[in-house]
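In what follows, chains carry the letters A, B, and so on, assigned in the order in which the sequence lines appear, proteins first and then strands, with residues in each chain numbered from 1. What you are looking at is a predicted structure, and each value in this text was computed from that prediction instead of being measured.
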Number of protein chains: 4
Amino acid sequence: MLNRVVLVGRLTRDPELRFTPSGVAVANFTLAVNRTFTNQQGEREADFINCIVWRKQAENVANYLKKGSLAGVDGRVQTRSYDNNEGKRVFVTEIVAENVQFLEPKNSQRVNQGVGASNETYGGAPADGYGHSNQGGTPNANGTRSAGYANDPFSQEGSIDISDDDLPF
Amino acid sequence: MLNRVVLVGRLTRDPELRFTPSGVAVANFTLAVNRTFTNQQGEREADFINCIVWRKQAENVANYLKKGSLAGVDGRVQTRSYDNNEGKRVFVTEIVAENVQFLEPKNSQRVNQGVGASNETYGGAPADGYGHSNQGGTPNANGTRSAGYANDPFSQEGSIDISDDDLPF
Amino acid sequence: MLNRVVLVGRLTRDPELRFTPSGVAVANFTLAVNRTFTNQQGEREADFINCIVWRKQAENVANYLKKGSLAGVDGRVQTRSYDNNEGKRVFVTEIVAENVQFLEPKNSQRVNQGVGASNETYGGAPADGYGHSNQGGTPNANGTRSAGYANDPFSQEGSIDISDDDLPF
Amino acid sequence: MLNRVVLVGRLTRDPELRFTPSGVAVANFTLAVNRTFTNQQGEREADFINCIVWRKQAENVANYLKKGSLAGVDGRVQTRSYDNNEGKRVFVTEIVAENVQFLEPKNSQRVNQGVGASNETYGGAPADGYGHSNQGGTPNANGTRSAGYANDPFSQEGSIDISDDDLPF
DNA sequence: TTTT
DNA sequence: TTTT
């Protein structure tokens, strides 16, 4: 059924790049989209919209976008649920970006540094329903733009709770 | 900034019509939007997307859509937050419908009955972060044409008070 | 760059199914999309929007949609130009449908009959800049369930001026 | 019915600002939208999409966008027809922009000079099916706030007559 | 928990 | 908490 979203906004912080157990890249980011109208106090509010993007585009996002970057997203609305650490079901609505357009002028774009550019929350399962992490070893030691430890044999240590079934293709 | 969503799906239950203190109609409904692709088990999943619509369109939605109705929505993604009854901040992402299209064939459409069709949760603040309601007293005292009858047990007598040019078809 | 269109409307006539020389299916149809507002005479006008769809979806469109069918389209705006029979350059704007949703209730859907369901303008090049037809050999030998005159020995007369380069993938 | 378009692209030339006989501003511009995929020769083509925008947004477009500007458009597909100077009916498909977003970085934006910035084709009906113009005499005699200065050589003296809250940023 |  |  028809399900289409188009957004233009700015990243509220650096994107987070992770990998599924089978090595597929996923990036998460939040877009601040300023409203075109003002509220009753005359202020222009914003919507803070969570986005997720897969594979090569995920790596591009991680490498070329950072906090404050202007970006366009073409995708679809997705809902999912997971049980949080208190055993409560949490419902999530987010945008799965199928196409991300970088809208920063060329000269303002810098390739992100490997270390720290995509900051995995080490140690302990993140509370967002994704379990991907990049535990142990030398994370992204290879540096450069694309994601080395996708091939890291140690990446499976500890638990992971995302399986390939979660991939949207 | 650009923020646009278009959906086609089916209502998971009857829409809920409420009113702000100043008498503005708001309807909430959830659209089940079937995915166009299947997961790795070969099943076609759905996204359950919360929508909100205001004013005249809210009344039309409450009057002409019900559980199972096929509808299209043109709107924007909105995020907001509120403190739940445990004092915890909850973040909500929903679609503000600016235009709702009824996609049921004509003959399958019936005007909803006033009682029960749009069920305001009386007594106590709803847990969804909206406080609007139109409880007791002189509903819609502020006047205008909007729909006091939503909560009015007598509203079915005689004709309904939506004029023909309010009808979206 | 972002380029996204979503439409819901009714086919103004039966879709036309053709094939490129290499056997790729293409269907053309026009969607009448009623405006949600009225003009100064109080009339509700419509936009008549040309759409094109490729491959399996083209065959589905040809088989399951006909004049009057309600359909949704998710796609992109495309422009192209060609020289008409008076040697004048003509510019065309149309929607390339990437996803077509059938919105007719199940019971009202009938599989189109092969012959006549999708009516190729026989004899002479069509004036729309597509010359596709299904020339030579055993057209559509690969065949399967698709559209009637795909198997029409006469459809090959005249030239074809679409090459595979025109395919959007 | 649902009819929604979102585009991001660059103006192929300066926008053209005109006025209807009753003084309503209209701007036309063409957006070059680069495709996200390449053709079989490996080239990335573009679509050249005609847009039209009304009233205050038309004036903003004329004042703040020029050839090469990056802009986003949220609108709908419109078709219309007119008889050209050879008495032939011409069909036009264009995008009516309901919201235009300026995507150029702040420092790269300059207010267009009045003269030449928005170039009305004086003398003789334009061949595009719009007859509006605002020729000579008392421009914008009907009054209101709309932009006579578009054609007014003196309009640059002192301050520009767009108030700050008209600015889209 | 938010961007310019 | 989900629709056909």
Side-chain angles (χ1 to χ4, degrees), chain A residues 1-3 7-16 28-36 43-51 65-73 78-81 83 88-93 103-105 108 119 121 126-128, chain B residues 1-3 7-16 28-36 43-51 65-73 79-81 83 88-93 103-105 108 119 121 126-128, chain C residues 101-109, chain D residues 101-109 167-169:
Chain A
M1 286 171 147
L2 299 182
N3 181 342
L7 306 171
V8 171
R10 291 187 182 277
L11 294 240
T12 60
R13 52 182 193 286
D14 290 352
E16 285 187 35
N28 288 274
F29 59 96
T30 298
L31 231 44
V33 181
N34 296 125
R35 297 187 181 161
T36 54
E43 311 151 335
R44 190 175 305 276
E45 295 180 66
D47 296 290
F48 299 96
I49 304 170
N50 294 319
C51 299
L65 296 181
K66 57 175 191 299
K67 182 176 176 177
S69 299
L70 189 66
V73 161
Q78 171 181 266
T79 60
R80 59 187 175 89
S81 63
D83 295 312
K88 253 188 60 177
R89 189 136 220 88
V90 179
F91 292 87
V92 176
T93 298
L103 294 169
E104 291 298 317
S108 75
N119 38 6
T121 49
D128 67 352
Chain B
M1 285 172 149
L2 299 182
N3 180 341
L7 305 171
V8 170
R10 291 186 184 277
L11 293 238
T12 59
R13 50 181 194 285
D14 290 352
E16 285 187 37
N28 288 275
F29 58 97
T30 298
L31 231 42
V33 181
N34 296 124
R35 297 187 181 162
T36 54
E43 311 151 336
R44 190 174 305 275
E45 296 180 66
D47 296 290
F48 299 97
I49 303 171
N50 294 320
C51 299
L65 295 182
K66 57 176 190 301
K67 182 177 176 176
S69 299
L70 189 67
V73 160
T79 60
R80 59 187 175 88
S81 63
D83 295 312
K88 252 188 60 176
R89 188 135 220 90
V90 179
F91 292 88
V92 176
T93 298
L103 293 168
E104 292 297 317
S108 75
N119 37 5
T121 47
D128 66 352
Chain C
Q101 184 183 6
F102 304 163
L103 293 168
E104 291 298 316
K106 270 294 177 29
N107 50 348
S108 76
Q109 288 178 190
Chain D
Q101 185 184 3
F102 303 163
L103 293 169
E104 291 297 319
K106 268 293 180 31
N107 50 348
S108 76
Q109 289 179 187
L167 300 191
F169 36 65

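One finds a salt bridge joining B:Glu104 and B:Arg10 here, because a Lys/Arg side-chain nitrogen approaches an Asp/Glu carboxylate oxygen to under 4.0 Å.
Remark: A:Arg13 pairs with no residue by the side chain to side chain donor-acceptor pair (under 3.5 Å) rule, at least two apart or across chains. Remark: A:Arg89 pairs with A:Asp83 by the salt bridge (Lys or Arg N to Asp or Glu O under 4.0 Å) rule, at least two apart or across chains.
Side-chain atoms of B:Leu11 and B:Leu31, non-hydrogen and from C-beta on, do get closer than 4.5 Å to each other. A:Ile49 has its side chain within reach of B:Asn3: a pair of non-hydrogen atoms, C-beta onward, lies under 4.5 Å apart.
Nucleic acid contact for B:Gly9: none, since no nucleic acid atom lies under 4.0 Å from a heavy atom of the residue.
Boundaries of the chain A contact region on DNA chain F are F:dT1 to F:dT2, first to last in 5' to 3' order (nucleotide atom under 4.0 Å from a heavy atom).
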